[in-house]
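Worksheet: the structure to be examined is printed underneath.
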2 protein chains.
Amino acid sequence: MKKITIGEAARQSGVKVPTVRYYESIGLLAAPSRSEGNQRSFEPADISRLAFIRHARELGFEIEAIRTLLTLQDDPHQSCASADAIAKARLVEVEQRIRSLMALKAELETMVEGCGHGRVDQCRVIEVLADHGQCTHSHH
Amino acid sequence: MKKITIGEAARQSGVKVPTVRYYESIGLLAAPSRSEGNQRSFEPADISRLAFIRHARELGFEIEAIRTLLTLQDDPHQSCASADAIAKARLVEVEQRIRSLMALKAELETMVEGCGHGRVDQCRVIEVLADHGQCTHSHH
DNA sequence: TCTTGCACCTCTAGTCACTAGAGGATGTAG
DNA sequence: CTACATCCTCTAGTGACTAGAGGTGCAAGA
């Protein structure tokens, strides 16, 4: 019976206040009931949902993927094959992203090590950027 | 003396045609001379500059960082300390990003492994998302 | 009771780095 | 000369928010 304000919901879920309103506006969260003075009044289930969304966002899932995941969660008798597929796809993406960031890290290290803190014309940072500019290496 | 069209510049630099125009519009690339019929005519130096930008973008540098890097490149008698600082900051970011992606990968693996391809109410993917939802772990 | 002051409301516009599309002009090969 | 690719400018859209203007609601202290 205690009314949960948007500020409280934000604090408990870790989602910012304007973001909660944004999620409502795009239909990721059902519009909550309102107080006499037109203020949103959330229920505990909304907090869990917001926390779910936040966690999924932190894991890098896109809003549309989260929408699917939430639909699945709303109907627990469905097969979880799609949830599994979404997570697997994300795993592949993440593995790819890690690989390319490792390559990038190596490249940045070469730059930074090579920089003797002299003038720009001897600078490895600029040089590496310019030199590799000609190459056609694959993008993410 | 041979005129380089925007299409040719795009092909040689690996930057797409509309993106070349976009870079010109934000002042990252000087406006090139024009043909009688108002078509852009680039010089070889523009191609190098575009390739430099492309490479830096692939390495995840932001446009404003690239703008600084380009200013530095334009005046090679400056100290390269700022180029070095930019690259170092980026390296720290990348290392952090790799660390959090590794954690994410582990979490996704738990999800996917645990999924017995049954119904949603036994699904690890949904469960992990919902359970960790309550926790307050640091973001990106 | 009044008033201070924070939290809430809606709405629009801005962010970043492009990308897409409309509607029209130019340049080149056959 | 006629296709047709390529070019031009312009506006608007993307994702996932974030910021700000201008106003209302509400709880606590004087």
Side-chain angles (χ1 to χ4, degrees), chain A residues 2-29 31-42 46 49-70 86 90 93 97 139-140, chain B residues 1-29 31-42 46-47 49-70 86 90 93 97 139-140:
Chain A
K2 52 183 177 246
K3 52 197 166 183
I4 304 172
T5 65
I6 195 168
E8 193 53 33
R11 222 166 300 120
Q12 283 183 39
S13 66
V15 175
K16 288 185 206 146
V17 169
T19 308
V20 173
R21 286 195 279 250
Y22 170 70
Y23 287 160
E24 183 190 322
S25 82
I26 61 167
L28 216 53
L29 192 70
S33 57
R34 298 289 182 123
S35 76
E36 269 190 52
N38 197 35
Q39 302 202 344
R40 286 170 182 82
S41 180
F42 294 90
D46 295 320
R49 198 172 176 96
L50 280 170
F52 183 104
I53 298 169
R54 182 190 143 218
H55 192 221
R57 284 295 299 137
E58 272 166 12
L59 293 184
F61 289 94
E62 290 176 6
I63 293 287
E64 286 317 301
I66 296 173
R67 201 188 289 280
T68 306
L69 256 13
L70 284 167
I86 290 170
R90 181 76 196 124
E93 262 175 52
R97 192 86 187 108
H139 351 159
H140 63 303
Chain B
M1 263 297 133
K2 50 180 177 254
K3 50 193 165 187
I4 305 173
T5 66
I6 195 168
E8 193 52 34
R11 221 166 300 118
Q12 283 183 39
S13 66
V15 175
K16 288 185 205 147
V17 169
T19 307
V20 174
R21 287 196 278 251
Y22 169 69
Y23 287 159
E24 184 190 322
S25 81
I26 61 166
L28 217 52
L29 192 70
S33 57
R34 300 286 184 127
S35 76
E36 269 189 54
N38 197 34
Q39 302 202 344
R40 286 171 183 82
S41 180
F42 293 90
D46 296 319
I47 311 235
R49 197 172 176 96
L50 281 169
F52 182 103
I53 297 169
R54 181 189 142 219
H55 193 220
R57 284 294 299 138
E58 274 166 10
L59 293 184
F61 289 92
E62 290 177 5
I63 295 286
E64 285 317 301
I66 296 173
R67 200 188 291 278
T68 307
L69 255 14
L70 284 166
I86 290 169
R90 182 79 195 123
E93 260 175 54
R97 191 90 185 104
H139 351 161
H140 68 297

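First the proteins, then the strands, lettered A, B, ... as listed; each starts at 1. Below, each value reflects all heavy atoms present in this structure, side chains not excepted, and no hydrogens, waters or symmetry copies.
For Arg54(B) (side chain) and Ser13(B) (main-chain N/O), a donor-acceptor pair under 3.5 Å exists by modelled atom type. In terms of modelled atom types and a separation under 3.5 Å, the side chain of Arg90(B) and the main chain of Glu62(B) share no donor-acceptor contact.
Atom CG in Asn38(A) sits roughly 7 Å away from atom C1' in dC9(C) (whole-Å rounding). In this structure, Ile53(B) places its CD1 atom 9 Å from P of dC18(C), rounding to the nearest Å. As a whole-Å value, the separation of Lys3(B) NZ from dG27(C) P is 7 Å. Nucleotide dT15(C) holds its C1' atom 12 Å from the CD atom of Glu62(B), rounded to whole Å. Atom pair Ile63(B):CD1 and dT19(C):C1' shows a separation of 14 Å (rounding to whole Å applied). Across the protein-nucleic acid pair, Glu36(B) atom CD and dC7(D) atom P stand 18 Å apart, rounded to whole Å. One can place CD1 of Ile66(A) at 12 Å from C1' of dG15(D), the figure rounded to the nearest angstrom. With rounding to whole Å, Leu28(B) atom CG is found 9 Å from dC18(C) atom P.
Put simply, Lys16(A) has no side-chain N or O that comes within less than 4.0 Å of OP1 or OP2 on dC17(D). At dA7(C), none of the side-chain N or O atoms of Arg40(A) fall inside 4.0 Å of OP1 or OP2 (strictly under the cut-off). Dashed line: the shortest gap from a side-chain N or O of Tyr23(B) to OP1 or OP2 of dC18(C) is under 4.0 Å. In this structure, Thr5(A) reaches the dC8(C) phosphate: one of its side-chain N or O atoms is under 4.0 Å from OP1 or OP2. Residue Thr19(B) has no polar side-chain atom (N or O) positioned under 4.0 Å from OP1 or OP2 of dA17(C).
Within 4.0 Å of Arg11(A), counting heavy atoms only, lies no atom of the nucleic acid at all. Using a 4.0 Å heavy-atom cutoff across all strands shown, Arg21(A) reaches at least one base atom of the nucleic acid.
Rounding to the nearest 0.5 Å places OH of Tyr23(A) at 10.5 Å from CG of Leu70(A). Here the NZ-OH distance, from Lys16(B) to Tyr22(B), works out to 13.5 Å after rounding to the nearest 0.5 Å. Ile66(B) contributes atom CD1, which lies 5.5 Å from atom CZ of Arg57(B) (distance to the nearest 0.5 angstrom).
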### Task
Could you walk me through whether Arg11(A) and Glu8(A) pass salt bridge (Lys or Arg N to Asp or Glu O under 4.0 Å), step by step?
CA-CA 5 Å; Arg11(A) 222 166 300 120; Glu8(A) 193 53 33; 2.5 Å; yes
### Query
Yes or no on salt bridge (Lys or Arg N to Asp or Glu O under 4.0 Å) for Glu64(B) and Arg67(B), after CA distance, side-chain angles and deciding distance?
CA-CA 5 Å; Glu64(B) 285 317 301; Arg67(B) 200 188 291 278; 3.1 Å; yes
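Map Pro18(A) and Ser35(A) each onto its nearest nucleotide of DNA chain D; the residue landing nearer the 5' end is Pro18(A).
Summary for the helix from dT1(C)-dA30(D) to dG30(C)-dC1(D): the axes at its two ends, each from 5 pairs, differ by 10° when rounded to the nearest 10 degrees.
If you check dC7(D), dC17(D), dG25(D) against the side chain of Tyr22(A), the one that comes closest is dC17(D).
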